[in-house]
Every structure is written in structure tokens, then in C-alpha cells.
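Atom set for the values below is all heavy atoms of this structure, side chains included, hydrogens, waters and symmetry mates excluded. Just so you know, these numbers come straight off a predicted model, no measurement behind them. Proteins get letters first, then strands, A, B, ... in listed order; numbering begins at 1 in each.
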2 protein chains.
Amino acid sequence: METPITPTEPPHTFAECTRVAVPMIQVLGRISGRWSLYVIMALMRGPMRFSELRRQVHGVSQKMLTQTLRELEEDGIVHRTVTPIIPPRVDYELTDMGRELQAPLTAISEWTERNGDRVARARERYAAAKGI
Amino acid sequence: METPITPTEPPHTFAECTRVAVPMIQVLGRISGRWSLYVIMALMRGPMRFSELRRQVHGVSQKMLTQTLRELEEDGIVHRTVTPIIPPRVDYELTDMGRELQAPLTAISEWTERNGDRVARARERYAAAKGI
DNA sequence: CAGGATCCTGATTGATACTG
DNA sequence: CAGTATCAATCAGGATCCTG
């Protein structure tokens, strides 16, 4: 019998191909928080201070940036360095693990590049069909 | 000058590596909707009827399953076939584009497999440090 | 069987003000 | 500068009832 797919009770198979989908869900959840991916992408350019990060990631509120960074730090994707001077200085950088995200993110990016047009056309068709 | 990263105004670079991040965000947004990934994973096993899908994806409400399927259909990831009989029969299956998601999802899955433990340990450390 | 329409609630997010 | 704290608004998700 096939393992049912559930978000609450861990192990289940991922097609006929891979396993580990629950942590995967959690990872995706983190990655795709409203701002996480943007922060990660910004940090892939190199280490950055809070204020610089805030300038890079347009539209993020200081509250959400802080929160996002805390979550990424909690997961060991981002490293936070506090220099206790006045005024305070805090630097952020990706950890090794964080940098390793580049491969999977690139894979998604490639899928997007290959299929972006098709998605757009699918949406148009859908909208048109709905209009009829 | 570097292109700033923004969720509302499209083009910006993805590290020194790839481009196209805005559709990527949208894709991730879709993929990581609470249920989307589970539905996709279920459908990677093969075509399925609504009721079967609902059994496979534990805990999903009928409303959310419907909504998720509509979104995936709108993006051209899932194909919907209605057989107008009584009682109605509706089949769902991945499109080619949907099946191609396997590669990127596998990449994330692999990252998770390599780093799941590290994430767990990072969280423990973070919790411990916060406790002090 | 498949899904539309409502109502309702808790979680997310944003704006604002304050601080070491 | 880099936050924390608070309040208000928005929204996604679930429960329930209904129908071709």
C-alpha cells in the first residue's frame, strides 16, 4: 500500500524518486516566507549589514527583515555577527549550508526560465476560459 | 550598480548565478502554498480523481483541495478532465510542465537530506542560546 | 461525486512609536 | 544603527451548509 501524504505525520515518499518531504516542506516554508528568498538572494552577493540589507530588499519593513533574519539564523542558514560598538553594527552572511542552497534554488530558477512563458500563457488561457 | 531586490518590481539578479527571480518567487509561492506540494507529489504517482486525491493528501479540506487544484490548473501544472456523468467524475493529472518540476523538487529534497540534521542542530543551539 | 457560497477565527503583516 | 513593543488590518484556512 502507498504511504499517504500528510503534512503532520512525517515519512512519505516523493514520487518514485526521492524521499524526505516533510522537512522539505518545512524548508520550503521557510524559504518561501514572504521575504526569506529575497534576503537569501541578497546575501548571496556577499555579507551585508542590516541597513544595507534593508536597502537591497525593497519594500521590506524593518520588523519583517528582523524576523526573517532571525528565522534564517535559527535554521543555520544565516550567520549573525554583532559588533558591540556605538552605534551598533550587525553583519549578516550566509553559512556554508546557506550557500549550498544555491544549487536547489538554481534548479527552480531554471525550471522557471524554461516554463515562465508557458505559465503565463496557461494563466491567460485560464482567464479567457473563465470569462466565457 | 547592483539591481535592488524587490518583490514588486520584476527583474533582478539571482546571485552571480542565475536570473529570473520574480516568476521564481511566484512559482515558489504557488508550490509552497500549504497544500500545493503535497498535491503535486500525490499526482506524481499518477492521475487521480478528486476523492482519491483527498484521501492521499491527509488533512486537506475539500475547500483547500479545490482551491489548490484550481491554482495549479491555472498555472498549467495540473490538467483537469471533467466527465459529465452522474455522479460527476473529475480526473486530475500533472501536465508535462508539472512533471518537469520533479528535477527542482528533487534538488531541494537533496539539500534537505544533506542538511536536515544540521538544521535541527542549529535550531537546538539557537533555542539553547536564547534560553541562557 | 465534486465543488460553490458563507461565516468565522487565528496567524501574518504593516505602520508607528520607542530604546540601548 | 539595529533593533523591540504595540496595535490595527489583512488574509489564509477551516467548518458548515447547499446543489447540479
Side-chain angles (χ1 to χ4, degrees), chain A residues 5-9 25-26 28-39 42-43 47-75 78-93 126 129-132, chain B residues 5-9 25-26 28-39 42-43 47-75 78-93 126 129-130:
Chain A
I5 291 173
T6 158
T8 46
E9 290 167 20
I25 292 286
Q26 290 178 4
L28 274 173
R30 277 290 158 87
I31 294 182
S32 66
R34 183 100 168 60
W35 301 105
S36 312
L37 196 49
Y38 292 110
V39 170
L43 287 176
M48 222 170 280
R49 297 183 59 172
F50 186 87
S51 47
E52 172 64 11
L53 213 34
R54 193 169 174 193
R55 272 191 298 277
Q56 292 285 328
V57 182
H58 272 229
V60 70
S61 68
Q62 156 253 55
K63 173 189 166 182
M64 290 319 293
L65 181 54
T66 300
Q67 186 176 310
T68 301
L69 285 166
R70 288 293 179 285
E71 289 171 359
L72 293 174
E73 190 196 356
E74 184 178 351
D75 282 2
V78 159
H79 181 70
R80 179 169 178 263
T81 310
V82 181
T83 310
I85 57 179
I86 293 177
R89 176 193 176 106
V90 182
D91 289 87
Y92 292 92
E93 61 183 326
Y126 188 89
K130 218 182 55 179
I132 297 173
Chain B
I5 292 173
T6 157
T8 46
E9 289 166 22
I25 291 286
Q26 290 179 3
L28 274 173
R30 277 290 160 86
I31 292 181
S32 65
R34 183 99 168 64
W35 299 105
S36 311
L37 196 49
Y38 291 111
V39 170
L43 286 176
M48 222 171 281
R49 299 183 59 174
F50 186 87
S51 47
E52 173 64 10
L53 214 34
R54 193 167 172 195
R55 273 190 297 276
Q56 291 285 327
V57 183
H58 273 229
V60 70
S61 67
Q62 157 252 60
K63 172 188 169 183
M64 291 320 294
L65 181 53
T66 299
Q67 186 176 308
T68 301
L69 285 166
R70 287 295 178 286
E71 290 172 359
L72 294 175
E73 189 196 356
E74 185 178 351
D75 282 2
V78 158
H79 181 71
R80 179 167 177 265
T81 310
V82 181
T83 310
I85 56 178
I86 293 179
R89 176 191 176 109
V90 182
D91 289 86
Y92 292 93
E93 61 183 325
Y126 188 89
K130 219 183 53 179

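- At whole-Å resolution of the value, CG in A:Leu65 and C1' in C:dG14 are 14 Å apart.
- Each of D:dT4, C:dT13, C:dC1 was ranked by its minimum atom distance to the side chain of B:Arg49; first place goes to C:dC1.
- Of the two residues near DNA chain C, B:Thr66 and A:Gln62, the one whose nearest nucleotide lies more 5' is B:Thr66.
- By the 6.0 Å contact criterion, CD1 on A:Ile86 is open, its count of non-hydrogen atoms from other residues, nucleotides or ligands being 12 or less.
- Close to C:dG3, at under 4.0 Å from its OP1 or OP2, lies a side-chain N or O of B:Arg80.
- For the atom pair NE2 of A:His79 and CG of A:Leu69, the computed distance is 13.0 Å after rounding to the nearest 0.5 Å.
- Remark: B:Ser51 is in phosphate contact with C:dA2, judged by side-chain N or O atoms under 4.0 Å from OP1 or OP2.
- Among C:dG14, C:dC1, D:dG13, the nucleotide with an atom closest to any side-chain atom of B:Met64 is D:dG13.
- The minimum heavy-atom distance linking A:Gln56 with A:Ala42 is given by the pair CB-CB, 4.3 Å.
- Taking side-chain N and O atoms only, B:Tyr92 has a distance below 4.0 Å to OP1 or OP2 of C:dG3.
- Between B:Arg70 and C:dG4, a side-chain N or O to OP1/OP2 separation shorter than 4.0 Å is present.
- Of the two residues near DNA chain D, A:Leu69 and A:Lys63, the one whose nearest nucleotide lies more 5' is A:Leu69.
- Nearest nucleotide to the A:Pro88 side chain, out of C:dT13, C:dG20, D:dG14: C:dG20.
- Exactly one residue among B:Leu72, B:Thr81, B:Leu53 makes a side-chain contact (heavy atoms from CB on, under 4.5 Å) with B:Tyr92. That residue is B:Leu53.
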